[in-house]
Amino acid sequence: MQNQNYRRIWQTVLQIPSGKVASYGQIADLAGLPGRARLVGKALGYAPEELAVPWYRVLRSDRSLAFTPGSASAEEQRHRLLSEGVLLINYRVQAQYLWQPDLAELLFKLQY
DNA sequence: ACTGTGACTTATG
DNA sequence: TCATAAGCCACAG
């Protein structure tokens, strides 16, 4: 887990503001890893607790949760999002909650 | 080297 | 909207 790619993914997810969400593919792109959306899911699973990575702000490109509906993980994600004001309707969030970062500012913060 | 498996995505009907 | 199919890539066995 000392993987540099994982580190970049965690740092990118850390930039998602409260109340906003991003897709796995979007995070992969922003982290400089286009085409590796699946790696993002893997990286989130390995994220160190102390880093406090907001994994629940990441979902599929169609704005639905990646976990199977009703599962413990899905419920935790749903609750965490709700506590930030992001309401899920049929396991989907509204487009208004999508994160649209300022690329110049983001790249500066990530220091790539 | 080969194969199966995902916290995925896009195209198509 | 759904459902299916194919593409995708890292990783484990």
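A quick note: this is a predicted structure, and the numbers were derived from the prediction, not measured. Each chain gets a letter, A, B and so on, in the order its sequence line appears, and its residues count up from 1.
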What integer distance in Å separates [X]:[atom1] from [N]:[atom2]?
X	N	atom1	atom2	answer
A:Asp62	B:dA11	CG	P	14 Å
A:Asp29	C:dC9	CG	P	12 Å
A:Leu33	C:dC8	CG	P	17 Å
A:Asn3	C:dC9	CG	P	16 Å
A:Tyr24	B:dA7	OH	P	9 Å
A:Tyr91	C:dT1	OH	P	19 Å
A:Ile89	C:dT1	CD1	C1'	15 Å
A:Leu30	B:dC8	CG	P	18 Å

Starting the side chain at C-beta, find the nucleotide from B:dT9, B:dA7, C:dC11 nearest to A:Trp55. B:dA7
Side chain of A:Arg38 (C-beta onward), nearest among C:dC11, B:dT9, C:dC9: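 My answer, after comparing the listed nucleotides, is C:dC9.
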Would you indicate, yes or no, if [N] has its OP1 or OP2 atom less than 4.0 angstrom from a side-chain nitrogen or oxygen of [X]?
X	N	result
A:Arg36	C:dA10	yes
A:Tyr6	C:dC11	yes
A:Ser61	B:dC8	no

With a 6.0 Å cut-off (strictly less than), is the heavy-atom count around CD of A:Gln100, excluding the residue itself, greater than 12?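 Not buried by this count: 12 neighbours or fewer within 6.0 Å.
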Does the distance from a Lys or Arg side-chain N to an Asp or Glu carboxylate O, for A:Glu76 and A:Arg80, drop under 4.0 Å?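 Looking at A:Arg80 together with A:Glu76, the answer is yes, because their closest N to O distance falls below 4.0 Å.
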Contact residues, residues 65-82 of chain A to DNA chain B [heavy atom, < 4.0 Å]: A:Ala66, A:Phe67
Does A:Leu44 reach a base, just sugar-phosphate, or nothing at all? Heavy atoms under 4.0 Å. base
Do you know which two heavy atoms are closest between [X] and [Y], and how far apart they sit?
X	Y	value
A:Ile16	A:Ala22	CD1-CB, 3.9 Å
A:Arg78	A:Leu65	N-CD1, 4.4 Å
A:Pro101	A:Leu30	CG-CD1, 4.1 Å

I'd like to check A:Gln77 versus A:Ser71 (side-chain heavy atoms, cut-off strictly below 4.5 Å). Are they in contact? no
Do A:Leu103 and A:Trp99 sit in one hydrophobic cluster, given that two such residues count as connected whenever their side-chain heavy atoms are within less than 4.5 Å of each other, even indirectly? yes
